[in-house]
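Working notes, structure below.
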Amino acid sequence: MVASIPLIGISTYVADTAWGNWMRRSAVIPESYYELVASAGGRPLLLPPPHTSPSGPGSGAAEVIEALDGLILTGGGDVDPLAYGEVPDPTVGGVNPVRDESERALLAAALAVDLPVLAICRGLQVLNVELGGTLHQNLPDVIGGSLTHRAAPLVFGEVAVSTEPDSRARAVFGGHPTVLCSHHQSIDRLGRGLVATARAADGVIEAVELPSARFVLGVQWHPEEGQDQRPFAALVEAASAYRESKVALAR
């Protein structure tokens with residue numbers, strides 16, 4: 001039976017978490033991610049990175065993607081620089097190889113079947129690395145020491161960006177949105193097929209797209225922190241069309 005509303009998978013963090021009298025290692029995600037999906041008309045499904053699977057963290061990714069209509073790769077710690085052939089800089093932090101492997105497997109499976117993908121902050125970086133791109137490991141080193149994009153860890157600051165004409169980013173966000181950023185890394189070399197469709201005034205890439213795909217949009221900022229419904233609504237719309245195409249093929 002095909003779901004009546006699009007099913008949107010959302011990758012999660014893993015953290016030591018306390019609630020009530022409990023403290024446990026848990027899969028967690030800010031509420032805004034899944035509520036923005038729900039309010040846009042999708043059904044959110046959380047996708048934690050498993051570390052005990054006998055076949056590895058990426059095990060079953062294709063089967064998971066087969067059940068979904070869209071995928072969101074969320075923010076979080078840095079992608080392991082070894083994944084793009086570099087020695088980690090001392091500023092790199094929050095690396096979780098299990099999460100890296102899990103999300104890259106989900107992303108690869110999604111791209112293989114043209115599943116709609118929205119990649120946010122770390123998610124954009126996972127997308128770029130999965131397609132063979134590289135990252136600036138410490139952005140202030142390449143923009144003259146500026147802390148424009150992250151004044152301090154866990155602090156979100158406003159950054160003005162400009163989107164490219166005729167891009168999906170322009171269609172979703174308009175020409176010159178002010179966005180909430182908290183990133184000390186950014187794209188260096190673009191991955192295969194990706195196109196930069198938004199930049200900050202200092203030239204830092206703030207959004208990418210995969211023109212050959214049905215819907216693959218990555219943003220370096222955090223729309224969920226500002227309760228920005230637009231990218232989630234765009235993803236759900238694309239996921240609805242994807243679901244309808246699955247229904248048609250199943251008949």
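In what follows, every heavy atom counts, from backbone to side chain, and hydrogens, waters and symmetry copies are set aside. Note that the coordinates shown come from a computational prediction; the quantities given were computed from them, not determined experimentally.
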Determine all donor-acceptor pairs shorter than 3.5 Å in which one atom belongs to a side chain in residues 106-115; sequence neighbours excluded.
unit_1	atom_1	unit_2	atom_2	d
D114	OD1	R214	N	2.8
D114	OD2	R214	N	3.4

In a table with atom names and distances, give each donor-acceptor pair under 3.5 Å that connects a side chain of residues 134-142 to protein atoms at least two apart or in another chain.
unit_1	atom_1	unit_2	atom_2	d
T134	OG1	R189	N	3.1
Q137	OE1	D89	N	2.6
Q137	NE2	E86	OE1	2.9
Q137	NE2	V87	O	3.1
N138	OD1	H184	ND1	3.2
N138	ND2	D141	OD1	3.3
N138	ND2	D141	OD2	3.4

Check residues 192-201 and write down every donor-acceptor pair under 3.5 Å in which the side-chain atom is one partner and the other belongs to a residue at least two apart or another chain.
unit_1	atom_1	unit_2	atom_2	d
R192	NH1	L131	O	3.2
T197	OG1	E209	OE2	2.9
R199	NH1	G203	O	2.8

Donor-acceptor pairs under 3.5 Å, side chain of residues 38-47 to any protein atom, not counting sequence neighbours: which ones?
unit_1	atom_1	unit_2	atom_2	d
S39	OG	E35	O	3.0
S39	OG	L36	O	3.3
S39	OG	Q229	OE1	2.7
S39	OG	Q229	NE2	3.3

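No side-chain heavy atom of V219 sits less than 4.5 Å from a side-chain heavy atom of P231. In this structure the side chain of P88 reaches within 4.5 angstrom of the side chain of P81, judged on heavy atoms. In this structure, the side chains of P48 and Y13 stay at 4.5 Å or more apart for every pair of heavy atoms.
The hydrophobic clustering, which links ILVMFWY residues whose side-chain heavy atoms are closer than 4.5 Å, places I72 and V79 apart. A continuous path of Ile, Leu, Val, Met, Phe, Trp and Tyr side chains, each step under 4.5 Å between heavy atoms, connects I10 with I120, placing both in one hydrophobic cluster. Under the 4.5 Å side-chain heavy-atom criterion for grouping Ile, Leu, Val, Met, Phe, Trp and Tyr, V129 is connected to L71 within one hydrophobic cluster. Taken together through direct or relayed side-chain contacts under 4.5 Å among Ile, Leu, Val, Met, Phe, Trp and Tyr, L217 and V179 form part of one hydrophobic cluster.
What you find for T178 and E158 is that their closest heavy atoms are CG2-CB, 3.7 Å. The minimum heavy-atom distance between A239 and I8, with the atom names listed, is CB-CD1, 3.6 Å. Smallest separation of non-hydrogen atoms from V155 and R150: O-CG, 4.2 Å. Nearest heavy-atom pair, S11 versus L73, reported as atom, atom and distance to 0.1 Å: OG-CA, 3.5 Å. Residues P6 and V236 come closest through the heavy atom pair CG-CG1, 3.9 Å. Between V204 and S186, the shortest heavy-atom distance links the atoms CG1-CB, 3.8 Å.
Here the side chain of S102 pairs no donor or acceptor atom with the backbone of G58 at under 3.5 angstrom. Distance alone, capped at 3.5 Å, is enough to place a donor-acceptor pair between the D69 side chain and the L7 backbone. Under a 3.5 Å cut-off, the side chain of D100 and the backbone N or O of D80 do form a donor-acceptor pair. Between the side chain of T163 and the backbone N or O of G174 there is at least one donor-acceptor pair closer than 3.5 Å. Side-chain atoms of S146 do not come within 3.5 Å of backbone N or O of I143 as any donor-acceptor pair.
Looking at residues two or more places apart in sequence or on another chain, you find no side chain to side chain contact (heavy atoms under 4.5 Å, CB included) involving T52. Contacts of R25 classified as salt bridge (Lys or Arg N to Asp or Glu O under 4.0 Å), with partners at least two apart in sequence or in another chain: D16. For E130, the salt bridge (Lys or Arg N to Asp or Glu O under 4.0 Å) partners are R104, not counting sequence neighbours.
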Starting from the C-alpha separation in whole Å, work towards a yes-or-no answer on side-chain contact (heavy atoms from CB on, under 4.5 Å) for R168 and V172.
-> CA-CA 6 Å; R168 189 175 297 279; V172 173; 4.2 Å; yes
Does the side-chain contact (heavy atoms from CB on, under 4.5 Å) test come out yes or no for V126 and L124, once each step is laid out?
-> CA-CA 5 Å; V126 171; L124 171 146; over 6 Å; no
List the steps and the verdict of side-chain contact (heavy atoms from CB on, under 4.5 Å) for T74 and I29.
-> CA-CA 8 Å; T74 60; I29 196 71; 3.7 Å; yes
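Put simply, CG on N128 and CD1 on I205 are 7.5 Å apart, with the number rounded to the nearest 0.5 Å. Interatomic distance, H183 NE2 to C121 SG, rounded to the nearest 0.5 Å: 6.5 Å. To the nearest 0.5 Å, the span separating CG on L118 from CD on E224 amounts to 9.5 Å. Distance check: L127 CG to L210 CG gives 7.0 Å after rounding to the nearest 0.5 Å. A distance of 13.0 Å separates CG of L68 from CZ of R243, quoted to the nearest 0.5 Å.
Sorted by first then second residue, the ring pair (Phe, Tyr, Trp, His ring centres under 6.0 Å) pairs that include residues 208-251, not counting sequence neighbours, are F156-H222, F173-W221. The ring pair (Phe, Tyr, Trp, His ring centres under 6.0 Å) pairs that include a residue from residues 33-69 number zero, where partners must be two or more places apart or lie in different chains. Counting only residues at least two apart or on different chains, no ring pair (Phe, Tyr, Trp, His ring centres under 6.0 Å) pair has a member in residues 69-106. For the salt bridge (charged side-chain N to carboxylate O under 4.0 Å, His left out) condition, the pairs that include at least one residue of residues 90-99, sequence neighbours left out, are R99-E103.
Heavy atoms from other residues, nucleotides or ligands lying under 6.0 Å from CD of E225 number more than 12. No more than 12 heavy atoms of other residues, nucleotides or ligands lie within 6.0 Å of CH2 in W22, so this atom counts as exposed by the packing criterion. Counted within 6.0 Å of CD on E66, heavy atoms from surrounding residues, nucleotides or ligands total 12 or fewer; the atom is thus considered open.
If you chain together ILVMFWY residues whose side-chain heavy atoms come under 4.5 Å of each other, V95 ends up grouped with V92.
For the 3.5 Å distance criterion, the side chains of Q185 and Q220 fail to qualify, holding no donor opposite an acceptor. Counting only N and O atoms by type, the side chains of S53 and S55 include no donor and acceptor under 3.5 Å apart.
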